[in-house]
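Have a look at the structure below, then the notes.
Both counts, for ligands and for their atoms, begin at 1 and track the order of listing.
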Amino acid sequence: MTELELARFVSDAFLAHGAQKLSFDTIIASGENGSMPHAVPTNKVINAGELVTLDMGCYFGGYCSDQTRTFAMGSVEKPELEKIYNIVLEAQQRGIDAVKPGVVSGDIHKICYDYIAEQGYGEFFTHGTGHGIGTQIHEEPYNASGHKTVLEAGMCVTVEPGIYVPGLGGVRIEDDILVTKNGHEFLTSAPRDLKIIK
Ligand SMILES: [Mn+2]
């Protein structure tokens, strides 16, 4: 199937299951298209061996969701992409671990960025680590460079580092994390290990 066909399937499934509307146009980026962080789905056919990035969300009860998974079609043809996947996953885990009241939002980004840079991919992580999410899809606090909002219980943020290598592909993993009195809680629950679709 094509990227557009998969995007349409996901979008329709949200609405069929009771969503009020989508949070944003569903993003599907396969193969080399995965190297574009803000890819728009195309008529490109999704091929075996490729990674596919799916970024999706919907409104329910007036609030929105925003979640990204990158998965493999049958296998991972290019071994560097599996390495990149594991770097992004570890960066995301470190960022999520840091989410708690009193932490400065920009520091969440720094933790993710520094790990990715240590692994040699700093120049390929080209956006902020995340954003607040609530009645709007992008709102304060921003987990991005230079942002100084102090996290408080009740805030919800995304943690979504990514690595995008032109000509190779890309990986992004995103979850919605609620700041709680004692730390944080995942609002998204899909497994995060690299899933190989057979
Ligand atoms: Mn997001």
(request) Can you list, by chain and residue number, the protein N, O or S atoms under 2.8 Å from the Mn ion (ligand 1)? (result)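 Correct list: D66 OD2, H131 NE2, E160 OE2, E174 OE2.
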
(message) Between F14 and K21, is there a side-chain heavy-atom distance shorter than 4.5 Å?
(response)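 They are not in side-chain contact.
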
(request) With sequence neighbours excluded, give me every side chain to side chain donor-acceptor pair (under 3.5 Å) pair touching residues 99-109. (result)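 Non-adjacent pairs meeting side chain to side chain donor-acceptor pair (under 3.5 Å): H109-T129.
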
(request) Return each pair, listed once, that meets side chain to side chain donor-acceptor pair (under 3.5 Å) where at least one residue sits in residues 85-99; pairs must be two or more places apart or across chains. (result)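 The answer is E90-R94, Q92-D175, Q92-R192, Q93-D97, Q93-R192.
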
(message) Holding to salt bridge (Lys or Arg N to Asp or Glu O under 4.0 Å), I want the full list of residues that pass it with D55, two or more places apart in sequence or in another chain.
(response)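 D55 satisfies salt bridge (Lys or Arg N to Asp or Glu O under 4.0 Å) with R172 only.
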
(request) For the pair E5 and K44, find out whether any cationic side-chain nitrogen is under 4.0 Å from an anionic carboxylate oxygen. (result)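 K44 and E5: not salt-bridged.
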
(request) Consider only side-chain N and O atoms of T68 and E160, and report whether a donor and an acceptor are under 3.5 Å apart. (result)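 Their side chains do not contain a donor-acceptor pair, so the 3.5 Å distance test is not met.
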
